[in-house]
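Note sheet for the following structure.
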Amino acid sequence: MGIEGVPTYSKSGNMDIISTPPGFVSQTSFVLRNVRRDKESSRSVSTQEQTTGFGTDGEDSCNMFLTNRPWIVHGHTIPSSEALRPRKTEVRRRRPLKVSETEVLEEAPVFNPTEEEFSDTLSYISSLRDRAEPYGICCVFPPPSWKPPCLLKEKKIWEASTFFPQVQLFGSHTENPKIKKEADADSDDAAPEEVQFCRIERGPGYTLETFKVFADSYKKRHFSMKDEVLGSENSSTSLKPEELTVAVIEKEYRQLVESPLVEIGVLYGNDLDTTTFGSGFPLSAPSESCKYPSGWNLNSTAKLPGSLLSLEDCESICVPRLSVGMCLSSQFWKSEKERLYSLCYLHVGGAPRVWYSVAGCHRSKFTAAMKSLIPEMSAEQPKKSYDPVMIMSAYQLSMEGIPVTRCVQNPGQYVIIFPGAYYSAFDCGFNCLEKANFAPLDWLPHGDIAVQLNQEKSKKSLISYDKLLLSAAREAVKCLKEYALSKKNTACYTRWNDSCGIDGLFSNIVKSRIKQEKNRREFLSNSLESQRMDKSYDSVSKRECCVCLGDLYLSAVKCACSADRYSCLSHMRKLCACPCDRKSFLYRYTIDELNLLVEALEGKKLSSMFRWAGIDQKYCASPATTSSQPEEDKGKETDEVTPCNITRKDVAAGTKDQMRVKARSMADILNVKDGSNDAKETLKSCSKKSNRPCDNDSSEANTPKKQKQ
């Protein structure tokens, strides 16, 4: 098609044929077409040619002028009146899905740890990362001795705790114009391979006892009918419970998702808060932690010493979530918030669950395929809880060229979901799944990406990435300083020593974040008056940009016109309409102070560790750091920066072993050879007088002397 010229008509009495006005008669018949001209073939056009269309040499110049223009189609005939009529708008259908009944998915890896490997949760998961992360998901079979009690069966939870499940209606037609399926203009029925949607509604209240009765009854009734539920001739008739294998239920679920014949509804209790509803695991206690490792107890997973979530009090992420399912209930495609790790346990006494996963390395392919199939929607879940959602069979995605992994989880087994992976699941019957998030050190690159994507979408982050990063750096510097003083190889030092140093993973992440902050300040904050944040800045809640909802832990911009309104450096012009001289730049640390932190993490100078500790105590004393310290290491720190609420008397009132560690540590620093024994003897004699009233005064007098050394 092209842009057609106006045809020439002869004068006639017919009013339908209009004559051409004098001076507008076309010299030739042509139409225009779109072409790309090369720069070498372009030539200059005179002013007269640009104005009239041909030069001064008459018809020859006109023909040459038209011949050298490749966008003109020569020899074009004048279209008829039928061709000039307006055509009906063509209905553009979505790209059809590829469906194959013989498509087979790759199975997720399965691991069987020993008793020793199972005892350290995060270390074992870290050892699986290289083998399992390319799949996005893996399954872990606990040792035979791992049989934790299921507290969900207790009467106060089983019969008293009420929840409101969602009703999932499959095969329903949505009335939302944004996601309504487009039918062919020449066909009355939509193609069966079109993308399906599931309507979500709020269901009635249930307890676990009443929900199990309904789920078992529904499963038995569904598979005992023929041509009444799905209307399919291939449906099995009067299947016994032992014949309902995972393969049979998966075949039924696949037909329900890919080509539903009638509308059916199931119930699914999703993301129940275990603090109000109840958890299947016992709360951590000394007697139970010896029998059941605390790492695999999901009430303690998020707060493990190796998890960065232990450095910040974030209940929305650290609290485990419970899901209650029935036969054919689904967990639709989603990705974990903030791209966190996820540890899922299927409590005993239930039916299996089938998972499908797309690894984080194929995340872009997944989102591109979803958008190509349904341009109006993205791969994420809708913002409202009861909006219609898109359902997609894992086998259809595999036919689109996206690697999909399949994993079958039986009761008493764990499933690990790695950062950035998309996953979905369906249940084979009544079951209770409990899930907890955690963030080891290798999660930090994924968290940085999640923060940037949230800012681009103006989406609120559940955790403060910068605060988490600085809290981890504070913990690392403290462990490195302790080892430099006492030369004692603790579990904390071993955990941080491998990731710190000049080329350490954690050191490089901190350096990259500081470099990014430095560039922002150099180019965006020069015209603003700078001042340090006070302690009341984020004492109640974290501060966020009013435009992109980004975290403002390290720096922010405020204006005198609004006291509680802040923005990031990138959106300071959108903060308000006031001029820049009324706005102020707030910072928590200077760039020089942050560079000092990098030196402390790299371990170049011991003095850098002490200087950073003093700066951090002065401007940002965090009680979360001291509370996250393992109990076995408490009371053994030497020359550490104490929080502001600890007095000098509390420091002086140490035990005999603590005083010995202090004396030995100072001797190592000063390389004292002859006077070290005297110092120990002095401390020993002082410790014998612990009951005398003069001890506090003498200890206070020795404290400044020790600091002076």
Side-chain angles (χ1 to χ4, degrees), residues 311 466 469-490 492-515 517-518 521 532 554 587-622 625-626 628-629 633-644 646 648 651-652 654 658-676 679-680 683 702-709:
L311 304 175
D466 289 336
L469 186 66
L470 268 293
S471 300
R474 185 182 301 112
E475 183 77 11
V477 170
K478 186 172 67 174
C479 294
L480 296 176
K481 183 183 64 174
E482 176 190 355
Y483 177 79
L485 296 176
S486 63
K487 301 300 181 182
K488 184 178 180 181
N489 192 358
T490 60
C492 179
Y493 171 75
T494 304
R495 184 168 59 251
W496 289 107
N497 184 42
D498 298 336
S499 58
C500 294
I502 298 179
D503 296 329
L505 171 65
F506 184 67
S507 300
N508 292 332
I509 292 174
V510 175
K511 276 192 292 187
S512 176
R513 181 65 187 93
I514 293 175
K515 182 179 179 181
E517 182 69 16
K518 179 182 177 181
R521 295 186 185 184
R532 193 182 291 270
L554 285 179
Y587 64 92
R588 191 177 298 271
Y589 302 102
T590 63
I591 297 299
D592 294 337
E593 293 170 350
L594 294 176
N595 290 332
L596 189 65
L597 171 62
V598 174
E599 293 181 4
L601 292 174
E602 292 178 347
K604 295 180 179 179
K605 299 179 181 179
L606 184 61
S607 60
S608 301
M609 302 180 186
F610 283 92
R611 291 172 59 191
W612 164 254
I615 293 172
D616 188 56
Q617 179 195 11
K618 183 178 180 181
Y619 298 114
C620 185
S622 176
T625 304
T626 57
S628 62
Q629 180 184 351
D633 296 335
K634 288 184 178 180
K636 299 181 181 180
E637 303 296 330
T638 59
D639 294 282
E640 61 177 304
V641 179
T642 57
C644 299
I646 299 178
R648 295 169 63 183
V651 177
Q658 291 174 335
M659 300 301 291
R660 287 180 179 178
V661 173
K662 290 182 180 180
R664 184 168 59 254
S665 303
M666 295 304 299
D668 293 339
I669 296 176
L670 301 177
N671 295 325
V672 180
K673 297 181 180 179
D674 299 333
S676 59
K680 292 181 181 180
L683 293 171
N702 291 333
T703 303
K705 186 175 181 180
K706 172 174 164 290
Q707 293 178 353
K708 185 177 180 181
Q709 291 175 348

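Just so we're clear, the structure is a prediction, and the values are computed from it rather than from any experiment.
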May I have the step-by-step check of side-chain contact (heavy atoms from CB on, under 4.5 Å) for Trp496 and Val477, ending in yes or no?
-> CA-CA 9 Å; Trp496 289 107; Val477 170; over 6 Å; no
Identify the heavy atoms of Leu311 and Ser471 that sit nearest to each other, and give their distance.
->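 Shortest heavy-atom contact: CD1-C, 3.7 Å.
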Grab the two heavy atoms, one from Thr494 and one from Asp498, that are nearest each other, plus how far apart they are.
->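 Heavy atoms of Thr494 and Asp498 come nearest at O-OD2, 3.6 Å.
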[atom1]/[X] to [atom2]/[Y] distance, rounded to the nearest 0.5 angstrom?
X: Arg611; Y: Glu593; atom1: CZ; atom2: CD; result: 9.5 Å
X: Cys500; Y: Arg495; atom1: SG; atom2: CZ; result: 11.0 Å
X: Lys618; Y: Asp616; atom1: NZ; atom2: CG; result: 12.5 Å
X: Leu597; Y: Trp612; atom1: CG; atom2: CH2; result: 4.5 Å
X: Leu485; Y: Leu480; atom1: CG; atom2: CG; result: 11.0 Å

Salt-bridge criterion met for Arg513 and Glu517 (N-O under 4.0 Å) =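 Looking at Glu517 together with Arg513, the answer is yes, because their closest N to O distance falls below 4.0 Å.
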Looking at Tyr483, does the NZ or CZ of Lys487 lie under 6.0 angstrom from its six-membered ring centre and within 45 degrees of the ring axis?
->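 Verdict for Tyr483: a cation-pi partner in Lys487.
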If you draw the axis of the six-membered ring of Tyr493, does the NZ or CZ of Lys488 fall within 45° of it and under 6.0 Å from the ring centre?
->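 The answer is no; the distance or angle limit is not met.
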Any donor-acceptor N/O pair, Ser507 side chain to Gly501 backbone, under 3.5 Å =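 Confirmed, Ser507 side chain pairs with Gly501 backbone.
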When you compare the side chain of [Y] with that of [X], does any pair of heavy atoms fall below 4.5 Å?
X: Leu470; Y: Leu554; answer: yes
X: Leu469; Y: Phe506; answer: yes
X: Leu594; Y: Val598; answer: no

Lys511 and Asn508: side-chain contact (heavy atoms from CB on, under 4.5 Å), yes or no, with the steps?
-> CA-CA 5 Å; Lys511 276 192 292 187; Asn508 292 332; 3.6 Å; yes
For Glu599, the option from Leu596, Asn595, Leu601 that meets side-chain contact (heavy atoms from CB on, under 4.5 Å) |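 Only one of Leu596, Asn595, Leu601 forms a side-chain contact (heavy atoms from CB on, under 4.5 Å) with Glu599, namely Leu596.
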For Cys492 and Glu475, what are the C-alpha separation, side-chain angles and deciding distance, and is it a side-chain contact (heavy atoms from CB on, under 4.5 Å)?
-> CA-CA 9 Å; Cys492 179; Glu475 183 77 11; 4.1 Å; yes
Derivation and outcome, side-chain contact (heavy atoms from CB on, under 4.5 Å), residues Arg532 and Thr590 | CA-CA 9 Å; Arg532 193 182 291 270; Thr590 63; 3.9 Å; yes
